[in-house]
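A short worksheet on the structure shown next.
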Amino acid sequence: MNQSEKIYVAGHRGMVGSAIIRELRKQGYQNIVFRSSQELDLSQQTKVEQFFKEERPASVVLAAAKVGGILANSEQPTEFLYQNLMIASNVIHAAATAGVEKLLFLGSSCIYPKFAAQPLQEESLLTGALEPTNEAYAIAKIAGLKLTEYYNRQHGKKFISAMPSNLYGPEDNYHPDHSHVIPGLIRRFHEAKINNAPVVKVWGTGTPLREFLYVDDLAEACVFLLGSYQGAQFLNVGSGQEVTIQNLAQLIAKTVGFSGSVQFDASKPDGTPRKVMDSSKIQQLGWKSKTSLDEGLKKAYESFLQKSKVS
Ligand code: GDP
């Protein structure tokens with residue numbers, strides 16, 4: 001990629017979009033465009049088409065999405081499916097029509113069937129039923145990655161997709177109920193420490209296994225792929241670092257400095273039992289994650305503390 005080319009990052013206020021902008025700037029890219037959701041509602045087709053006609057970016061990173069943790073996903077499937085389908089269709093189609101050269105669509109590891117063989121390989125897509133707690137989000141992401149793939153195969157566009165594992169880091173959503181597990185627990189353990197609460201409740205049984213990727217590592221992978229990959233086949237982007245929710249909770253308690261006890265609340269859903277990706281395809285191309293879970297959690301907690309000082 002040329003450092004002066006115009007790159008549109010959709011979703012620049014989110015955790016992924018903001019990390020991608022940090023990485024692009026670090027690597028010398030200056031001509032980055034973005035719009036807040038108030039300025040440009042990506043679910044409105046005409047507005048999206050107008051934006052692409054006016055701005056004519058050379059490259060696009062599609063990191064905009066309605067996201068949330070296990071509870072938000074299972075409580076609002078309508079919004080998760082509709083919003084994410086509209087965003088993906090509008091942006092990918094308008095980019096193709098406006099002559100965008102390169103597009104990177106971001107999905108998620110929840111696209112895989114609930115009981116697919118682990119580590120999850122790209123070939124397992126659409127081989128079985130999805131995990132019900134995030135089916136709506138997954139269906140929208142599968143539609144987006146397929147649209148990207150079809151534009152690549154049928155129309156020869158350099159449109160590519162990456163599927164990251166569970167992400168965490170600066171600018172995460174720390175909502176008490178609607179966030180993902182790491183920000184949710186950082187907040188809960190921090191508040192328990194401040195209030196001298198003896199016990200923290202963690203959802204589910206503690207046995208599910210998850211793979212976590214620090215968002216700056218994903219951002220490096222995205223810039224790497226924009227510059228070096230054109231394949232129609234989407235790629236997994238994971239750290240390979242797997243941990244049970246129980247061990248994760250202990251690690252977060254240690255990072256935050258909470259010394260009370262942890263209780264599991266089995267009335268809350270566990271979700272899929274295991275979700276670790278095989279990232280050998282992207283590793284063979286030359287990318288590997290750098291940040292250990294320990295180190296990443298420390299950075300995430302620091303950014304949480306800074307954010308709570310400001311707000
Ligand atoms: P998932 O990978 O789509 O299931 O995403 P989540 O990050 O929402 O949840 C991961 C796992 O952490 C699930 O087994 C949850 O039940 C568990 N978990 C434990 N405590 C929490 C919490 O406070 N918030 C969330 N979101 N999940 C939690």
Side-chain angles (χ1 to χ4, degrees), residues 14-16 65-77 79-81 84 106-116 118-120 129-142 163-169 172-193 197 199-215 218 236-239 241-253 255-256 258 260-277 293 296-297 300-301 304:
M15 174 171 67
V16 173
K66 177 174 173 59
V67 294
I70 192 162
L71 218 58
N73 267 277
S74 39
E75 285 171 357
Q76 307 161 42
E79 289 75 14
F80 274 84
L81 179 59
N84 289 312
L106 283 154
S108 145
S109 58
C110 72
I111 57 163
Y112 288 110
K114 176 166 182 161
F115 296 115
Q118 309 261 347
L120 299 157
L130 297 164
E131 155 59 36
T133 53
N134 52 34
E135 183 187 81
Y137 183 76
I139 287 176
K141 287 295 174 187
I142 293 170
M163 300 301 128
S165 53
N166 288 28
L167 298 165
Y168 69 104
D172 212 338
N173 160 20
Y174 292 95
H175 189 282
D177 299 321
H178 293 158
S179 57
H180 286 106
V181 61
I182 291 184
L185 291 186
I186 285 180
R187 180 178 176 152
R188 210 169 306 141
F189 279 111
H190 174 77
E191 285 174 354
K193 181 180 87 171
V199 178
V200 163
K201 279 202 174 167
V202 174
W203 300 352
T205 58
T207 57
L209 282 157
R210 290 291 183 276
E211 175 192 18
F212 294 100
L213 179 67
Y214 189 63
V215 72
L218 170 71
N236 288 343
V237 186
S239 63
Q241 292 179 60
E242 211 182 2
V243 62
T244 62
I245 297 302
Q246 178 168 21
N247 287 344
L248 175 74
Q250 281 157 1
L251 259 176
I252 296 177
T255 308
V256 168
F258 170 78
S261 64
V262 172
Q263 247 175 35
F264 289 93
D265 174 4
S267 71
K268 292 280 196 308
D270 266 343
T272 200
R274 189 179 177 203
K275 201 160 54 164
V276 62
M277 296 203 301
L293 185 58
L297 287 175
Y301 184 47
F304 167 82

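Read the numbers this way: they start at 1 and go in the same order the structure lists the ligands and their atoms.
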With a 4.0 Å heavy-atom cut-off (strictly under), which part of [X] contacts ligand 1: side chain, backbone, both or neither?
{"X": "Ile182", "result": "neither"}
{"X": "Asn134", "result": "side chain"}
{"X": "Lys275", "result": "side chain"}
{"X": "Ser179", "result": "backbone"}

Please determine if [X] has a nitrogen or oxygen closer than 3.5 Å to a nitrogen or oxygen of ligand 1.
{"X": "Gly69", "answer": "no"}
{"X": "Pro269", "answer": "yes"}
{"X": "Val181", "answer": "yes"}

Begin from the C-alpha positions of Ser108 and Tyr137 and carry the test side-chain contact (heavy atoms from CB on, under 4.5 Å) through to its verdict. CA-CA 9 Å; Ser108 145; Tyr137 183 76; 3.8 Å; yes
[X] vs [Y] side-chain heavy atoms within contact, under 4.5 Å:
{"X": "His178", "Y": "Glu75", "answer": "yes"}
{"X": "Ser179", "Y": "Tyr174", "answer": "no"}
{"X": "Leu167", "Y": "Phe212", "answer": "no"}

For Pro208, the atoms of ligand 1 under 4.0 Å from one of its heavy atoms are 14 (O)
Atoms of ligand 1 close to Leu185 [distance to a heavy atom under 4.0 angstrom, numbered from 1]: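 This gives 20 (N), 23 (O) as the contact atoms.
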Nearest-contact summary for [atom] - protein heavy atom, Å:
{"atom": "atom 8 (O) of ligand 1", "value": "Ile70 N, 2.9 Å"}
{"atom": "atom 11 (C) of ligand 1", "value": "Ile245 CD1, 3.6 Å"}
{"atom": "atom 4 (O) of ligand 1", "value": "Arg210 NH2, 3.0 Å"}
{"atom": "atom 20 (N) of ligand 1", "value": "Trp203 N, 3.1 Å"}
{"atom": "atom 14 (O) of ligand 1", "value": "Asp270 O, 2.5 Å"}

Is the Lys NZ or Arg CZ of Lys193 less than 6.0 Å from the centre of Phe258's six-membered ring, within 45° of the axis? no
Classify the side-chain pair Asn73/Thr133 by whether it contains a donor and acceptor separated by less than 3.5 Å.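 No, no side-chain donor-acceptor pair sits under 3.5 Å.
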Could you work out, for atom 5 (O) of ligand 1, the closest of Arg188, His178, Gln246, His180 by heavy-atom distance? His180
Return the minimal non-hydrogen interatomic distance between Pro269 and Ile70, and the atom names on each side.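 What the structure gives for the nearest pair is O-CD1, 3.8 Å.
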Positive for side chain to side chain contact (heavy atoms under 4.5 Å, CB included) with Tyr112, one of Met277, Lys275, Glu131, Gln118: Met277
Ring centres of Tyr168 and His180 under 6.0 Å apart? no
Under the salt bridge (charged side-chain N to carboxylate O under 4.0 Å, His left out) test, which residues partner Lys268, sequence neighbours left out? Asp265
